[in-house]
Structure formats: C-alpha cells, structure tokens
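Order of appearance sets the numbers: ligands from 1, and atoms from 1 within every ligand. Quick note: residue numbers are just sequence positions, from 1.
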Amino acid sequence: MLSIGAVAAVIGVALALVIDWFPTRASGSAGEIDTLYDVLLIVSVPIFVLVMTVAIYSVVKFRARPGDTGDGAPIHGNTRLEIVWVAIPFILVTSLAIYGWVVLNDIEAKEPNTLRVNVTGQQFTWTFSYPGEGKVRSARLVLPVDRPVEFHIDSKDVIHSFWVPQFRLKSDAVPGITTRIRVTPDRIGSYEVVCAELCGIGHPTMRVPVQVVSASAFKRWLGGRLKAAGGGAAAGGGAAAGKQVFTASGCGSCHTLADAGTSGNVGPKLDELAAMAARFGKQRKESAEEYVRESILDPRAFTVPGFPKNAMPTTFKGQLSDAQVDALVKYLLGVSGGEGK
Ligand code: CUA
C-alpha cells in the first residue's frame, strides 16, 4: 500500500507541476504567486493520495462479506495515532498560512511613485480614471510598464470581480465599498480585464482591454486623452462628444455600433436605432429623440421585443448630465441614419 501510494504521489506531483495552469506572467508578483501555488500543490497532492490510498485499501480489504451482519471489532481509539494526525496537519496548515501571509505582505507593500487608477464596475463594463493624472477617464485600461499601480475598485450596481489573469490579481467590486489592490505590470503587451463574478445577463461579455505600454507611450496616451476631453467639452454636444459618452459609459459592451467599433450583442444593434426609434416611437406616441432618451434614462419603460427585459442598467439617469444625454441621443440617431446629423 505504501509503495503504491508513494508512486501515485510522485506521478501526481509531477503532473501538477508539468501542467501549465496559468497564462503569461505580466506582473512583478506573478512569479511569487505561481511559486506559492506550486508549493500548495506539492504539499496537498501527496496528502490527497495518502487519504485515497488508505480509503480505497480499507474499502476493498475490510468490506462486509455477503451474509455478514455482525458488528465490527470494538475499537477504543489510539492515542499515539490521534496525536500524530492532529499535530502534522496543524504544523502543515500553520506553515502554509505563514508562507501565504509573507507573500501577501510582500505583494501588498507600499511603493514610491505609485500610479493610482480608479476602477468602476457596472453592468456590463469597466471604466477607469486616473485621478492623479488630470482626472483622465478611459474605457480601456492603459498602464505604464514597471510602475507600481494601486487600483481603487468600486461598483455602481451589483458585485463584480476585477480580474486580470496575467497580473494574477483579482478583487471584488462591491457597491458602497472601495476595495484596493496593488500590482506592478512588468511586461509590455495586451491583456484583458475579466469580470469573475456572475453579475447578470451580460456577465460573459464584461471584458475590456488592458494595455501595458512603455512610460513614454503612456505619457503620450495621457496627453491625447486630456486633449480629447478638453476638445469634447469645447465642441459642446457635437458628434465627437456623443461618441465619447458612448465609449466612456461602456454602451459598446452590450450594443453593436459600427461607428464606435463595438460588437456587443446583449441589447439591440444600435446601427438600426433610427429605424427602431421611428417604429417603436410611433407605437409609443413619442418622437424618435424622445424614444431614444427614454430608452437610456428609463430603460424599464419599454424593451425591444426579442431582447431580455431588465438587462439594461438603470444607472445612466444619475450618471449622465443633460448635455451628455443630448449629445448621445444626437450621435446615436445621426450614425444610425436618422435625424440629428
Ligand atoms: Cu460583472 Cu460579471
């Protein structure tokens, strides 16, 4: 039994270590976290094998024979065995907890020159702002390589979970609470924020791009965003402003709109919005503009047939200013071929 168990444990540990469980490492703490994971596997696989070997052996060896209805032998415990099976797990679990705490302490350590990024989850997208960098807002996450980042995460509606697998970080986004997590991206490339908490019908589409770029490229990007924000405000309700509202509010994660390059399919295709607004507006005795405005601010009032009810968030009402809604309505009707162009 012992030799079978030993062989099975060796094979199990080898398999656990050979399998590539995680994607590319793209943060300073990823290596440490992967090592922790490997150590946990090395410790737990032999224990699992030991328990299963003893259990299977006992089931086969000591099973009741046909017709045997007698009681088993009375056993009054074994003090030495009990001390061993309490002491060993206690030592193991305590050492692993200390090891885990050391790693956590290390990856959570404060570092100078930290970039703060606010992350907001909402059904069904993520938005980002850079409060220390001119309050730039963005619908994708752009980060400079090798600079520590502290994320401040919250949610506008339900619980989401902010996860970038390549960074090995994950933190819940909870309405009313700001959760924090630190990471230092150390590999230039394109990744994805994934929502890791079932949050509604659009949950599987709640993904947005992450780009880790050089420090100079990050500076250029920030400069561009600042200019765009200034220009948008100056244009005051033009198509560019409407498009910016569309992008920054995350509409594209649920709606397809060719002009904005989005392909969400939770809600109706907005390339056909003007036609829909004419048709359903008539039905509801509204102008096309009134129909679109109502669909954004009071989405429960009417749902386009064939689409899930109650999927569109109701949070845009408090979130968008009148000017932003005007710009968005004009933009959407304009690019879908209606009035307001
Ligand atoms: Cu947000 Cu799942």
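Counting just the N/O/S atoms of H203, the one with the shortest distance to atom 2 (Cu) of ligand 1 is named ND1. The nearest N/O/S atom of H160 to atom 1 (Cu) of ligand 1 is ND1.
In summary, S161 places no N/O/S atom under 2.8 Å from atom 1 (Cu) of ligand 1, failing the contact criterion.
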(message) Could you walk me through whether N118 and Y130 satisfy the side-chain hydrogen bond (donor to acceptor under 3.5 Å, both in side chains) test, starting with their C-alpha distance in whole Å, then the side-chain angles of each, then the deciding distance to 0.1 Å, before giving a yes or no?
(response) CA-CA 6 Å; N118 293 346; Y130 299 73; over 6 Å; no
(message) Determine whether E192 and R207 satisfy the following criterion, salt bridge (charged side-chain N to carboxylate O under 4.0 Å, His left out), listing intermediate values before the conclusion.
(response) CA-CA 6 Å; E192 218 173 24; R207 292 166 172 245; 3.0 Å; yes
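Ring geometry for F302 against F280 counts as tilted: the plane angle lies between 30° and 60°, on a 0 to 90° scale.
The SG atom of C199 and the O atom of E197 meet at atom 2 (Cu) of ligand 1 at an angle of about 100°, given to 10°.
Side-chain rings of F128 and F151 stay apart, their centers remaining 6.0 Å or farther from each other.
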